[in-house]
Amino acid sequence: MRTNFPIILGLLAGLLVGLGHLGQASAQGRGQPDDTPILIQADQMSHDRDLGVVTASGNVEISQLDRILLADTVSYNERENVISASGNVSLVEPTGEVMFAEYMEITGDFRDGIIKGIRIRL
């Protein structure tokens, strides 16, 4: 698979905009703007044009404000508009709560989703 980083970054923008919705409610509650920057880090990123899937893998960390999503793999299916995270998924909330899961899948508009193997530390 040939990697074209400008295309990957453009497609990841869609993923990050969607993930940014995770932080909007808390950001607005604290008087923060909706367009707070999001940082994504991963060991590897790839784009499969045939499938329309962008994947960040290996120690993936996506953060915005005080919210952090950790996973082994996070992918965005641009055709289905679905974001998925798998393998050691953790979502750390600004309040200190942590959600752990084996797998999480949500639509890009955050209307529908599924979480498998969920555990929550309050």
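From a predicted model like this one, the values you see are computed outputs, not experimental measurements. Values reported hereafter were calculated over all heavy atoms of this structure, with side chains retained and with hydrogens, waters and symmetry mates removed.
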Q | Interatomic spacing from CZ in Arg49 to CD in Glu78 - rounded to 0.5 Å | A | 10.5 Å
Q. What are the two closest heavy atoms between Leu51 and Asn77, and how far apart are they?
A. O-OD1, 4.4 Å
Q: Have a look at Met104 and tell me which of Ile83, Leu69, Ile118 forms a side-chain contact (heavy atoms from CB on, under 4.5 Å) with it.
A: Leu69
**Q.** Residue list, side-chain hydrogen bond (donor to acceptor under 3.5 Å, both in side chains) with Gln41, at least two apart or on another chain
**A.** none
Q.
Just verifying a value: how many Å separate Asn81 CG and Ile106 CD1, rounded to the nearest 0.5 Å?
A. 10.0 Å
Q.
Testing the basics here: between Gln64 and Pro37, what is the closest heavy-atom pair and its distance to 0.1 Å?
A. CG-O, 3.5 Å
Q) Transitively linked via ILVMFWY side-chain contacts under 4.5 Å: Leu122 with Leu91? A) yes
Q | Single-linkage hydrophobic cluster, 4.5 Å side-chain cutoff, Ile40 and Val74 together | A | yes
Q. What's the spacing between Asp72 CG and Tyr103 OH if we round to 0.5 Å?
A. 13.5 Å
Q. Any donor and acceptor pair, going by atom type alone, linking the side chain of Arg119 with main-chain N or O of Gly117 inside 3.5 Å?
A. yes
Q) Can you tell me if Arg121 uses its side chain to pair, donor with acceptor, with the backbone of Gly96 under 3.5 Å? A) yes
**Q.** Same apolar cluster (I L V M F W Y, side chains within < 4.5 Å links), Val60/Leu70
**A.** no
Q | Test side-chain contact (heavy atoms from CB on, under 4.5 Å) applied to Gln44 - qualifying residues, sequence neighbours left out | A | Ser57
Q | Under the side-chain hydrogen bond (donor to acceptor under 3.5 Å, both in side chains) test, residues paired with Asp50 that sit two or more places apart | A | none
Q: Working to the nearest 0.5 Å, report the span between CD of Glu93 and CE of Met99.
A: 8.5 Å
Q) Out of curiosity, Ile62 CD1 to Arg67 CZ, how far, rounded to the nearest 0.5 Å? A) 13.0 Å
Q. Side-chain contact, heavy-atom cut-off 4.5 Å: Thr73 with Thr55?
A. yes
Q: Report whether Ile120 and Val89 are members of the same hydrophobic cluster (ILVMFWY, side-chain heavy atoms less than 4.5 Å apart, transitive linking).
A: yes
